[in-house]
Amino acid sequence: MTDFKKLQNGSDIRGVAIQIKGGKPVNLTQNSVVRIGAAFALFAADRANKPVSELRIAIGRDSRLSGGQLTLWLADGITSVGANAYDGGLASTPAMFMCCVNELHFDAGIMVTASHLPMERNGMKFFTAIAGGLEKADIAAILASAEKAAFPIAAHRGQCGTVDVMTPYVNGLKAKILSALGCTKDEKPFSGLKIVVDAGNGAGGFFAERLLEPLGADITGSRFLEPDGRFPNHQPNPENADAMRSICDAVAETGADFGIIFDTDVDRAGAVLPSDGGVIALDRNRLIALMTAILVRQYGPITVVTDSITSTGLTDFINSLGCRHHRFKRGYRNVINEAKRLLALEEAAKKAKEETDAEFANAIFADAIFANAIFAMETSGHGALRENYFLDDGAYIIVKLLVALVEARRESKTLNELIANLKEPCESAEARLNVLLDDTTDYTAAVLKTVEKHFSNLPGFEIVQPNYEGVRVNADETHGNGWFLIRRSLHDPLMPCNIESNSVGGMRLIAAELYNALKAFDKLELEPLKKLM
């Protein structure tokens, strides 16, 4: 029997769909997936406040080998309770949300994907027209419902059909580009530009073939556009070193003006620019910095919400643009929801001020701290904008960069100039410390408490406040000239530790002092930290 609770991965579902030698047992079985489909249909009908028989649910998938079968099983569950299921074929995760709000008007969408995970894994992301992407509590409720003994079987099974979800989505991106650049529908704003795409054999090949090329770009030299769920060339993941090396090589070898890399389901992206005979990868801090520089021209001063492991140099850069940096927790839903929270507080404060309740308005502003929080991005490449439903859409982020690229060329400038003042760390690394316990809650809490106590009054170190996750500590020039953050993993029994230094050898000093604070914890594997010393 499937343990449905173990299928939850934050606001997604993930599990094993294909048995491989030495791998974990399959838990995305026919029974479990059918039941998840039925449970989601009932959940979506309740959210939409309409009879389940009127519900229309679209199902898309990335290139994974198990995607087609899981789609059939989901449709079986959906139709068994009377709702109607439509197979959207190969699609991107953002397209499965957009089909709920564009001219297709679906009540809900399901994306069958496990993002960048290995080929034997798969999973699901869920959207509704009412709520957008589902939250962690929603997934828990759906899985609890799926685990129940029986579902109400509909007197009449729902209908099955097919739908093209990608064409309206691609047309929407195309319209965004043409409008932003003041072009007519027949103009080709990317003429004269060589743009290469590495889709990693995931679902992102459409961006080159259906968007860039029709708008005039030369896409010669693009890589791995063909969907292949074995992922034979490299992991489709902008955070993966081999993947980033692949797109960097593509730009260098072809002399491209711009390079793009997507993850498997296209909700994350990275980019590459040529630079002084070489290339510069727009990932992590650089991508956030460039997006901020673009958005401040459009909106004026903004608040940029990021995850917790962004650099001090990024904060300085954001501040130099007259904007504000609000570090929050890891997890793309966390940073997106925090931006929404800050915007809601700002609106409440404005309303209170209009109603002459100045005391209440000041109290709200003191809590919100930052205003105009229209942009949220995690260093993994998940980025979301208020102008686009706060949807984490890698293709949309790339559209914003491409529009800025064309605008810069019109002014005989480059995108590189926009982030010329971003100070990069001299050294950086992440040590992932395994916790050798089944239940890690109390143990990891003790680790964090010990680290905080150790560095509280230690000369040369300063604990950063406010901090929303783990313990972050700055080190002065003598003791490492940088910072570290140690935190609990969101999903795994380990404690990631990120260290950056602005000096050669500084990371070694910081790692050594952190090791001194942790060396008494015998259930914490410290070898990855020792390698940095």
Side-chain angles (χ1 to χ4, degrees), residues 1-5 7-8 11-15 17 27-61 66-91 93 95-113 122-166 168:
M1 291 292 291
T2 299
D3 184 345
F4 282 82
K5 293 184 182 66
L7 294 175
Q8 180 160 8
S11 57
D12 304 338
I13 285 175
R14 290 189 184 166
N27 54 6
L28 287 175
T29 62
Q30 180 175 1
N31 178 65
S32 64
V33 175
V34 169
R35 298 180 72 82
I36 288 168
F40 176 63
L42 296 173
F43 173 91
D46 182 67
R47 280 290 176 94
N49 193 27
K50 66 193 305 183
V52 70
S53 61
E54 297 179 10
L55 207 68
R56 298 167 63 249
I57 300 176
I59 310 168
R61 58 184 179 274
S66 58
Q69 184 62 74
L70 266 61
T71 296
L72 290 174
W73 289 342
L74 283 167
D76 188 15
I78 289 166
T79 56
S80 72
V81 294
N84 305 293
Y86 294 80
D87 185 348
L90 186 73
T93 290
M96 297 316 299
F97 166 73
M98 292 304 295
C99 77
C100 299
V101 295
N102 63 22
E103 64 264 35
L104 295 175
H105 297 301
F106 275 89
D107 298 292
I110 303 175
M111 179 65 180
V112 178
T113 182
N122 216 327
M124 297 141 218
K125 298 181 180 181
F126 302 88
F127 304 94
T128 69
I130 303 296
L134 298 194
E135 301 289 345
K136 182 177 180 180
D138 300 323
I139 300 300
I142 289 167
L143 289 173
S145 175
E147 202 166 20
K148 289 181 180 177
F151 287 104
I153 303 300
H156 300 285
R157 179 177 280 272
Q159 295 181 344
C160 282
T162 60
V163 63
D164 176 5
V165 296
M166 289 304 294

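Atom CD1 of Ile36 and atom OG1 of Thr29 lie 8.0 Å apart (nearest 0.5 Å). Annotation: the span from Phe126 atom CZ to Ile57 atom CD1 amounts to 9.5 Å, rounded to 0.5 Å. In this structure, CG on Leu42 lies 9.0 Å from CG on Leu55, to the nearest 0.5 angstrom. Atom-to-atom distance recorded for Ile13:CD1 and Ile139:CD1 is 5.0 Å, nearest 0.5 angstrom. Here the straight-line distance linking atom CD of Glu103 with atom NE2 of His105 works out to 7.0 Å at 0.5 Å rounding. To the nearest 0.5 angstrom, Leu72 atom CG is 7.0 Å from Asp87 atom CG.
The nearest pair of heavy atoms linking Leu104 to Asp164 is CD1-O, 3.8 Å. Nearest heavy-atom pair across Ala41 and Val81 is CB-CG2, 3.7 Å. The minimum heavy-atom distance linking Gly67 with Val112 is given by the pair CA-CG1, 4.2 Å. Shortest non-hydrogen contact noted between Phe106 and Ala58 is CD2-N, 3.7 Å. Between Ser80 and Ala38, the shortest heavy-atom distance links the atoms OG-CB, 4.1 Å. Across all their heavy atoms, Gly37 and Ile78 have their closest contact at O-CG1, 3.5 Å.
Using modelled atom types, one side-chain atom of Asn84 and one backbone atom of Ser53 make a donor-acceptor pair closer than 3.5 Å. Checked by atom type and distance alone, the side chain of Ser145 never pairs as donor or acceptor with a backbone atom of Ala141 at under 3.5 Å. Judged by distance alone, with hydrogens and angles left aside, the side-chain atoms of Arg61 form no donor-acceptor pair with the main-chain N or O of Gln69 at under 3.5 Å. Under the 3.5 Å distance criterion, the side-chain polar atoms of Asp138 are matched with a main-chain donor or acceptor of Glu135. In this structure a side-chain-to-backbone donor-acceptor pair under 3.5 Å is missing from Arg56 to Tyr86.
A 4.5 Å side-chain heavy-atom check between Thr93 and Phe127 finds at least one atom pair inside the cut-off. You'll find the side chain of Asp107 stays beyond 4.5 Å of the side chain of Thr128, heavy atoms only. Met124 is not listed as a side-chain neighbour of Ile59, based on a closest heavy-atom distance of 4.5 Å or more. Val33 places a side-chain heavy atom less than 4.5 Å from the side chain of Leu74. Annotation: side chain of Gln8 is in contact with side chain of Lys136 (closest heavy-atom distance under 4.5 Å). Counting only heavy atoms from C-beta outward, the side chains of Thr2 and Asn31 never approach each other to under 4.5 Å. Two residues are said to be in side-chain contact when any heavy atoms from C-beta on lie closer than 4.5 Å; Cys160 and Thr79 meet this criterion. Residues Leu7 and Leu28 meet the side-chain proximity criterion, which asks for heavy atoms closer than 4.5 Å.
By the 6.0 Å contact criterion, CD on Glu54 is enclosed, its count of non-hydrogen atoms from other residues, nucleotides or ligands being greater than 12.
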Before you tell me yes or no, could you show the steps for Leu143 and Lys5 under side-chain contact (heavy atoms from CB on, under 4.5 Å), namely the whole-Å CA-CA distance, both residues' side-chain angles and the distance that decides it to 0.1 Å? CA-CA 7 Å; Leu143 289 173; Lys5 293 184 182 66; over 6 Å; no
